[in-house]
Amino acid sequence: MSVTILNHSLIKHKLSIIRKKETKIKDFYQNVNEIAGLMAYEITRDFPLREIEIETPICKSIQYELALDVVIVPILRAGLGMVDGIRSMIPTAKIGFIGLYRDEKTLEPHEYYAKFPDITKDSIVLVVDPMLATGGSASAAISLLKEKGCKDIRYVGLVAAPDGIKRLQNDHPDVSIYLAAEDEKLNDVGYIVPGLGDCGDRLFGTK
């Protein structure tokens, strides 16, 4: 499984903005979406294409379109903050939803909601969640999608701890990981250091 850290100046710039504790909801949400859009541009570089015949104002022409369906699956709730940015680049993408909560003592994920559009075995599925901490939630979400027959699954996140990357590599060696940054570690309560804080709370103004 490949791990790709997207080394892009604008991504690094915007990531610095959302790391700042003084960044307010509007700017935090906007920059999370913009980073997701920039990441989508890079991630889709190798998506397969098919030829189509179109008619321009001048003549008929052979051009290209995406050959496979793209499905974005945010892990609720923080993953919602990345959907609009990716969908702005791929407006034909379908959206599924997986709700997982983390047990505060064991840090293990528990599913409370799952709803998906029609997903074929050929669909490209982007599992999105800003934070890859222990990796438990992402691994559980990917397992659920595999049970539904998904073959081409890619994880897209903003920041990750080494623990989370290792967990995904061990549990799902066939899934590619795309990140804006790999951070230093997890602290003793399972938060990424230096991280973003609680991304869901910062996106939606909750405590």
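Since the structure is predicted, the reported quantities are computational estimates derived from the model, not experimental observations. FYI, the numbering just counts along the sequence from 1.
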*Does Thr4 reach the side chain of Glu42, with side-chain heavy atoms less than 4.5 Å apart?*
no
*Do Ser139 and Asp171 have a side chain donor and acceptor closer than 3.5 Å?*
yes
*Indicate, with yes or no, if Val193 and Met131 share a hydrophobic cluster defined by side-chain heavy-atom contacts under 4.5 Å among Ile, Leu, Val, Met, Phe, Trp and Tyr.*
no
*Under the salt bridge (charged side-chain N to carboxylate O under 4.0 Å, His left out) rule, what do Arg77 and Asp201 come out as? Steps first, then yes or no, please.*
CA-CA 9 Å; Arg77 60 192 164 131; Asp201 284 346; 2.7 Å; yes
*Contact summary for Leu49 and Ala67, nearest pair of heavy atoms*: C-CB, 3.7 Å
*Does a donor on one side chain and an acceptor on the other come within less than 3.5 Å for Thr134 and Asp163?*
no
*asked:* A side-chain contact here means heavy atoms from C-beta on lying under 4.5 Å apart; do Tyr29 and Phe204 qualify?
replied: yes
*Gap between atom CG of Leu145 and atom CD1 of Ile153 - 0.5 Å precision*: 5.0 Å
*asked:* Between Thr23 and Ile17 (side chain of the first, backbone of the second, donor and acceptor by atom type, cut-off under 3.5 Å), is there such a pair?
replied: yes
*asked:* Quick check on side-chain contact (heavy atoms from CB on, under 4.5 Å): which of His8, Gln30, Glu34 does Lys14 satisfy it with?
replied: Glu34
*Do Asp122 and Lys151 pass the side-chain contact (heavy atoms from CB on, under 4.5 Å) test, and can you show the C-alpha distance, the side-chain angles, and the key distance before you say yes or no?*
CA-CA 7 Å; Asp122 295 322; Lys151 302 295 184 184; over 6 Å; no
*State the CG-NZ distance between Asp118 and Lys148, to the nearest 0.5 angstrom.*
11.0 Å
*Group every Ile, Leu, Val, Met, Phe, Trp and Tyr by side-chain heavy-atom contacts under 4.5 Å, then state whether Ile62 and Leu66 land in the same group.*
no
*Do the charged groups of Lys21 and Asp198 touch, with an N to O distance under 4.0 Å?*
no
_For Arg202, is there an ion pair with Asp27 - N to carboxylate O distance below 4.0 angstrom?_
no
*Would Val156 and Ile72 count as a side-chain contact (heavy atoms from CB on, under 4.5 Å) if you check the C-alpha gap in whole Å, the side-chain angles of each, and the deciding distance to 0.1 Å?*
CA-CA 10 Å; Val156 186; Ile72 306 167; over 6 Å; no
_Quick check against the 3.5 Å criterion: does Asn33 have a side-chain atom that pairs as donor or acceptor with the backbone of Gly85?_
yes
_Between Asp69 and Lys94 (salt bridge meaning N to carboxylate O under 4.0 Å), is one present in this structure?_
yes
*Which is it for Ser61 and Thr56 under the side-chain hydrogen bond (donor to acceptor under 3.5 Å, both in side chains) test, yes or no, and what are the steps along the way?*
CA-CA 7 Å; Ser61 174; Thr56 76; over 6 Å; no
_Lys/Arg N to Asp/Glu carboxylate O, Glu55 vs Lys60, below 4.0 Å_ = no
*Between Ala161 and Ala133, what is the shortest heavy-atom contact and its length?*
CB-O, 3.9 Å
*If you look at every heavy atom in Leu68 and Pro48, which pair is closest and at what distance?*
CD1-CG, 3.5 Å
*Would you indicate whether the side-chain heavy atoms of Gln169 and Val3 approach each other to under 4.5 Å?*
yes
*In Å, rounded to the nearest 0.5 Å, how long is the span from CG of Leu15 to CG of Leu196?*
6.5 Å
*Please examine the side chains of Pro74 and Met82, heavy atoms only from C-beta on, and report whether any two atoms are closer than 4.5 Å.*
no
_Using 0.5 Å steps for rounding, measure from the CD1 atom of Ile165 to the CG atom of Leu179._
5.5 Å
_side-chain contact (heavy atoms from CB on, under 4.5 Å) between Val70 and Phe47, intermediate numbers included_ = CA-CA 10 Å; Val70 178; Phe47 280 17; 3.8 Å; yes
*For residues Val71 and Pro117, report the shortest heavy-atom separation together with the two atoms involved.*
CG1-CG, 4.0 Å
*Side-chain heavy atoms of Ile192 within contact of Leu186, under 4.5 Å*: yes
*Any Lys/Arg nitrogen of Arg19 or Asp183 sitting under 4.0 Å from an Asp/Glu carboxylate oxygen of the other?*
yes
_Interatomic distance, Met39 atom CE to Leu6 atom CG [nearest 0.5 angstrom]_ = 4.5 Å
*Donor-acceptor pair, side chain of Thr44 and main chain of Ala40, under 3.5 angstrom*: yes
*asked:* What I'd like to find out is whether the side chain of Glu51 reaches to under 4.5 Å of the side chain of Glu65, using heavy atoms alone.
replied: no
*If you group Ile, Leu, Val, Met, Phe, Trp and Tyr whenever their side-chain heavy atoms sit less than 4.5 Å apart, what else falls in with Ile52?*
Ile54
*Between the main-chain N or O of Asp129 and the side-chain N or O of Tyr155, is there a donor-acceptor pair closer than 3.5 Å?*
yes
*Give the C-alpha distance, both sets of side-chain angles, the deciding distance and a yes or no for side-chain contact (heavy atoms from CB on, under 4.5 Å) between Ile98 and Phe116.*
CA-CA 8 Å; Ile98 295 178; Phe116 304 105; 3.5 Å; yes
_What I want to find out is whether Asp174 reaches Arg154 closely enough, with some N-O distance under 4.0 Å, to be called a salt bridge._
no
*How close do Ala180 and Ile11 get, heavy atom to heavy atom, and via which atoms?*
CB-CG2, 3.7 Å
*Assess whether atom NE2 of His110 is packed by more than 12 heavy atoms of other residues, nucleotides or ligands within 6.0 Å.*
yes
*Going by distance alone, is a donor N or O of one side chain under 3.5 Å from an acceptor N or O of the other, for Thr92 and Arg87?*
no
_Tell me if a side-chain donor or acceptor on Asn187 pairs with a main-chain N or O of Tyr191 at a distance below 3.5 Å._
yes
*Is there side-chain contact between Ile75 and Val127, with at least one heavy-atom pair below 4.5 Å?*
yes
_I'd like to know if Leu76 and Ile25 are part of one continuous hydrophobic network [Ile/Leu/Val/Met/Phe/Trp/Tyr, side-chain heavy atoms within less than 4.5 Å]._
no
*Between Leu132 and Ala138, which heavy-atom pair has the shortest distance, and what is it?*
CD1-CB, 3.8 Å
*Hey, what do you get for CD1 (Ile142) to CG (Leu168), rounding to the nearest 0.5 Å?*
5.0 Å
